[in-house]
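Notes for the one structure printed next.
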Amino acid sequence: MIGQLANLNWISIIVAFFAYFFVGALWFTLLFKKQYAISLGKENDLPSKPAPIFIIGPAICSLIITIASAILIYTLGIDTYQGAIEFALVIGIGYLVANTLNIAINPNMPNPLHYAAISGLYHLTGICIVCIILVAMK
C-alpha cells in the first residue's frame with residue numbers, strides 16, 4: 001500500500017485536506033459553537049482565542065486522515081462517486097465516528113454522547129467530502 005504514495009494525486013489531497021479543515025472551522029466556530037461548548041461542559045468558559053495547538057493539531061490529523069484515505073482509495077481501485085461514498089461511510093462510521101465515541105466515553109467528558117454526536121458527525125461529513133474530492137480528481 002505504501003507504494004501507492006508515488007501514484008497519488010497530491011493536488012487532490014491538498015484540496016481535500018483544505019475542504020476537510022475548512023468544514024471543521026465552520027462546524028466548530030459557526031454552526032455548532034454553542035452546542036460544542038455545552039458538550040464539553042464549558043458553555044460559559046470558552047477562551048476568545050484558541051491556543052495554536054487547537055488549530056495545528058486538528059489540521060495535522062485531518063491531513064493524515066486525508067492521505068490515508070487516498071492511499072486506500074487508490075489501493076482498492078475506487079473510481080466512482082458511489083464507491084467513494086460507500087468507502088467514506090465505512091471508514092467514517094467504522095473508524096472516525098466509533099473512535100470519537102470511544103474517546104468521548106470517559107469520566108472527564110461531561111456530555112459524552114452530545115460530544116460524540118457533534119464531533120462524530122463532523123468527521124463523517126468531512127470524510128465524505130474528502131473521498132468525493134479524491135475520486136473526482138483521481
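A 6.0 Å sphere centred on CZ of Phe18 holds no more than 12 heavy atoms belonging to other residues, nucleotides or ligands.
The side chain to side chain donor-acceptor pair (under 3.5 Å) pairs that include a residue from residues 80-97 are Gln82-Glu86, where partners are two or more places apart or lie in different chains. Residue pairs that meet the side chain to side chain donor-acceptor pair (under 3.5 Å) test with at least one member in residues 123-137, sequence neighbours left out, are Tyr20-His123.
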List the atom pairs, donor and acceptor, that lie under 3.5 Å between side-chain atoms in residues 57-72 and the rest of the protein, sequence neighbours left out.
residue : atom : partner : partner atom : Å
Ser62   : OG   : Pro58   : O            : 2.9
Thr66   : OG1  : Ser62   : O            : 2.7
Ser69   : OG   : Ile65   : O            : 2.8

Using distance only, find each side-chain donor-acceptor pair of residues 101-112 under 3.5 Å and give its atom names and separation, not counting sequence neighbours.
residue : atom : partner : partner atom : Å
Asn106  : OD1  : Asn108  : N            : 2.7
Asn106  : OD1  : Met109  : N            : 3.3
Asn106  : ND2  : Ile103  : O            : 2.8
Asn111  : ND2  : Ile38   : O            : 2.6

List the atom pairs, donor and acceptor, that lie under 3.5 Å between side-chain atoms in residues 128-138 and the rest of the protein, sequence neighbours left out.
residue : atom : partner : partner atom : Å
Lys138  : NZ   : Ile78   : O            : 2.9

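Linking Ile, Leu, Val, Met, Phe, Trp and Tyr whenever their side-chain heavy atoms come within less than 4.5 Å puts Leu96 and Leu31 in one cluster. Tyr115 and Leu113 sit in two unconnected hydrophobic clusters of ILVMFWY residues. Membership requires side-chain heavy atoms under 4.5 Å apart, directly or through other members. Note on Ile11: it clusters hydrophobically with Phe21, by side-chain heavy-atom contacts below 4.5 Å among ILVMFWY residues. No continuous path of hydrophobic side-chain contacts links Val90 to Ile85 [ILVMFWY only; heavy atoms under 4.5 Å].
Summarising the hydrophobic clusters (Ile, Leu, Val, Met, Phe, Trp, Tyr; side-chain heavy atoms under 4.5 Å, direct or chained), the residues clustered with Leu30 are Phe22, Leu26. Through direct or relayed side-chain contacts under 4.5 Å between Ile, Leu, Val, Met, Phe, Trp and Tyr, Ile53 connects to Phe54.
The ring pair (Phe, Tyr, Trp, His ring centres under 6.0 Å) check on Phe28 picks up Tyr36, Tyr122, with sequence neighbours excluded. Not counting sequence neighbours, the partners of Val97 by the side-chain contact (heavy atoms from CB on, under 4.5 Å) test are Leu124. With sequence neighbours left out, the side-chain hydrogen bond (donor to acceptor under 3.5 Å, both in side chains) criterion links Asn7 to Gln4.
Side-chain atoms of Phe87 and Ile127, non-hydrogen and from C-beta on, never get closer than 4.5 Å to each other.
Rounding to the nearest 0.5 Å places OG1 of Thr100 at 12.0 Å from CD1 of Ile93. Atoms CD and CD, from Gln35 and Glu43 in turn, are 9.5 Å apart once rounded to the nearest 0.5 Å.
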